[in-house]
Amino acid sequence: MKQKAYNVIAVLFGLLLMNGGLNKFFNYMPVPEGLPEALVKDNLALIEIEWLMPLIGFAEVLGGLLIFFPKTRALGALVVFPVMVGILLTHIFVAPEGLVIALIIWAILLWIIFENRSKYLNLLK
């Protein structure tokens, strides 16, 4: 039962990442009203660097796709790890109202990393 729950949550996590990444290319989700001014300024700064948002979007799509499949899930977690660090730090320092959701998503990522720990240990040998 635990393995089935893990697989379902990992697939949903992968879909969430792919959705966020695809939105960076196609802008199909509306921007919420009333975002904190600091968050808007940070996003505008990211957009100023023309290659950065496509890179983040690509990492989210690729990582989400890799997480979708159990065989490549460990690699997908490594691909999205830097993006997830950025998400967490943004919610800690700029937009704390989304911190609970960011922590839940981080818990899922840490669970994926924990379940694949034997694959990572081989990298350290």
For A74 versus K119, what's the shortest heavy-atom pair and its separation? CB-CD, 3.7 Å

Going only through I, L, V, M, F, W and Y residues with side-chain contacts under 4.5 Å, is there a path from L44 to M53? yes

Tell me whether the count of non-hydrogen atoms from other residues, nucleotides or ligands lying under 6.0 Å of CD1 in I101 goes above 12. no

Taking N19's backbone N and O only, do any of them form a donor-acceptor pair with N23's side chain (distance below 3.5 Å, no angle check)? no

Let me confirm one number: the CD1-CG distance from I113 to L78, rounded to the nearest 0.5 Å. 7.0 Å

Correct closest heavy-atom pair for M84 and I105 would be CE-CG2, 3.0 Å

Scanning both residues in full, the closest heavy-atom pair of L17 with E60 reads O-CB, 3.4 Å

Any chain of hydrophobic side-chain contacts (each under 4.5 Å) joining V94 to L99? yes

Give me each pair satisfying ring pair (Phe, Tyr, Trp, His ring centres under 6.0 Å) with a member in residues 69-99, each pair once, sequence neighbours excluded. F81-W106

For a side-chain contact (heavy atoms from CB on, under 4.5 Å) check, start with the C-alpha distance between F13 and R73, then their side-chain angles and the critical distance, and finish with the verdict. CA-CA 11 Å; F13 180 65; R73 198 164 282 159; over 6 Å; no

What is the distance from atom CD1 of I56 to atom CD1 of I87, rounded to the nearest 0.5 Å? 9.0 Å

Using the rule that two of Ile, Leu, Val, Met, Phe, Trp, Tyr join whenever any of their side-chain heavy atoms come within less than 4.5 Å, decide whether L16 and L110 are in one cluster. yes

Does NZ or CZ of R117 fall inside the cone over F114's six-membered ring, less than 6.0 Å from its centre and within 45° of the axis? yes

Applying salt bridge (Lys or Arg N to Asp or Glu O under 4.0 Å), can you list everything that pairs with K2, at least two apart in sequence or on another chain? E115

Determine, using the 4.5 Å side-chain heavy-atom cutoff (strictly less than), whether L66 and V8 are members of one ILVMFWY cluster. no

Minimum heavy-atom distance between V80 and G64, given as atom pair plus value: CG1-N, 4.2 Å

Could you state the interatomic distance from CG (L46) to CG (L55), rounded to the nearest 0.5 Å? 11.0 Å

Around atom CZ of F26, are there more than 12 heavy atoms of other residues, nucleotides or ligands at under 6.0 Å? no

For A95 and L39, which heavy atoms make the closest approach, and how far apart are they? CB-CD2, 4.1 Å

Has E50 got more than 12 heavy atoms of other residues, nucleotides or ligands less than 6.0 Å from its CD? no

One should read off an interatomic distance between I9 CD1 and I108 CD1, to the nearest 0.5 angstrom, of 6.0 Å

Taking every heavy atom of I67 against every heavy atom of A10, the minimum-distance pair comes out as CG2-O, 3.3 Å

In Å and rounded to the nearest 0.5 Å, what is the CG to CD distance from L35 to E97? 8.0 Å

More than 12 heavy atoms of other groups within 6.0 Å of F25 CZ: yes

Joint cluster assignment, M18 & F58, ILVMFWY side-chain distance < 4.5 Å: no

Approximate separation, where rounding is to 0.5 Å, of L52 CG and K24 NZ: 10.0 Å

